[in-house]
Amino acid sequence: MPSINLKTLSFDELLELRDQVDAAISKQIESERRALEMKLERLNRFSDRPAKAGDAVSPMARSPKFGKVPPQFRNPDNPEETWSGRGLRPRWMVAALAAGRTIEDLMIREDGAVSEVRKAISRRGTMRRKK
């Protein structure tokens, strides 16, 4: 690419050069856009549904890894607040444990007793599968 001494160019020549650069950039952008759209079209042929603008191509974005879990714990002060046992402990649980309650006190009871599975969860923190 030949080097151009910009200091020697007149104002009109600089404006013309800028217009040429803008045109070249627009042409390159359009070319890149067409190439990407062709790639996306090829990828969408493998999809089980037609793609829309803004759709994620990643298969991980299509479906959650785990299903919804029923609540395991309930706030005794506000029965509407529950927790499934996944993720961080909610503030109400942390406060209740700090106030002296046990995790068994906060468990949702089945037939008046805490199930053995829920007791195991509270002892270990989470259920683990045997390998």
Side-chain angles (χ1 to χ4, degrees):
M1 178 175 196
S3 65
I4 300 172
N5 188 355
L6 298 176
K7 292 180 183 177
T8 61
L9 296 177
S10 69
F11 183 73
D12 290 335
E13 291 172 326
L14 287 172
L15 288 176
E16 185 179 327
L17 181 62
R18 184 183 68 178
D19 291 341
Q20 290 174 358
V21 169
D22 287 343
I25 289 173
S26 296
K27 191 181 218 182
Q28 186 68 28
I29 288 172
E30 190 60 36
S31 172
E32 296 267 339
R33 180 178 290 136
R34 271 186 262 135
L36 287 173
E37 285 174 352
M38 287 174 53
K39 285 181 181 179
L40 184 59
E41 188 177 313
R42 276 187 265 145
L43 286 172
N44 285 334
R45 287 184 199 151
F46 298 106
S47 176
D48 53 344
R49 64 177 177 80
K52 298 175 189 165
D55 275 359
V57 177
S58 169
M60 294 301 289
R62 290 190 195 139
S63 63
K65 190 172 182 180
F66 301 105
K68 195 169 183 177
V69 176
Q72 302 282 325
F73 304 95
R74 176 168 284 132
N75 184 355
D77 299 329
N78 183 0
E80 292 179 4
E81 293 180 333
T82 59
W83 182 50
S84 67
R86 288 187 177 176
L88 293 175
R89 286 185 177 168
R91 290 181 182 160
W92 61 262
M93 178 175 266
V94 173
L97 293 173
R101 292 191 184 226
T102 65
I103 201 157
E104 286 83 15
D105 294 338
L106 304 174
M107 284 186 173
I108 296 175
R109 309 259 178 210
E110 294 174 0
D111 300 333
V114 177
S115 72
E116 292 302 318
V117 173
R118 290 187 181 175
K119 283 182 183 177
I121 290 172
S122 69
R123 275 187 247 117
R124 288 189 299 208
T126 59
M127 260 316 262
R128 294 187 183 115
R129 278 194 180 150
K130 294 181 180 179
K131 292 184 180 181

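Everything numeric here is computed off the predicted structure, so don't read it as measured data.
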Partner residues of R33 under the salt bridge (charged side-chain N to carboxylate O under 4.0 Å, His left out) criterion, sequence neighbours left out
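If we apply the salt bridge (charged side-chain N to carboxylate O under 4.0 Å, His left out) test to R33, skipping adjacent residues, the hits are E30.
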Under the salt bridge (charged side-chain N to carboxylate O under 4.0 Å, His left out) test, residues paired with R45 that sit two or more places apart
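Salt bridge (charged side-chain N to carboxylate O under 4.0 Å, His left out) check on R45 returns E41.
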Heavy-atom distance under 4.5 Å between the side chains of I108 and P71, does that happen here?
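They are in side-chain contact.
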Kindly compute the distance separating [atom1] ([X]) from [atom2] ([Y]), expressed to the nearest 0.5 Å.
X: E37; Y: R34; atom1: CD; atom2: CZ; result: 9.0 Å
X: Q72; Y: R86; atom1: CD; atom2: CZ; result: 9.5 Å
X: N75; Y: L106; atom1: CG; atom2: CG; result: 7.5 Å
X: E80; Y: R74; atom1: CD; atom2: CZ; result: 10.0 Å

Enclosure of L36 CG (heavy-atom neighbours >12, cutoff 6.0 Å):
yes
Tell me who clusters with F11, hydrophobic residues only, linked when side chains sit under 4.5 Å apart either directly or through other members.
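Answer for F11: L15.
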Shared-cluster residues of V69, by chain and number - hydrophobic side chains joined below 4.5 Å
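Hydrophobic cluster check, V69: no partners found.
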Name all residues meeting the side chain to side chain donor-acceptor pair (under 3.5 Å) criterion together with S10; count only those two or more places apart in sequence or in a different chain, and write none if there are none.
E13
Identify, with sequence neighbours excluded, every residue that meets side chain to side chain donor-acceptor pair (under 3.5 Å) alongside S31.
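With neighbours one apart ignored, the set is empty.
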Apply ring pair (Phe, Tyr, Trp, His ring centres under 6.0 Å) to W83 and list each qualifying residue two or more places apart in sequence or on a separate chain.
F73
Can you give me every donor-acceptor pair (side chain of residues 17-29, partner residue at least two apart or in another chain, under 3.5 Å) with its distance?
residue: S26; atom: OG; partner: D22; partner atom: O; Å: 3.1
residue: Q28; atom: NE2; partner: E32; partner atom: OE2; Å: 3.3

Looking only at heavy atoms, what is the nearest atom pair of R109 and E104, with distance?
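Heavy-atom minimum between the residues: NH2-O, 3.2 Å.
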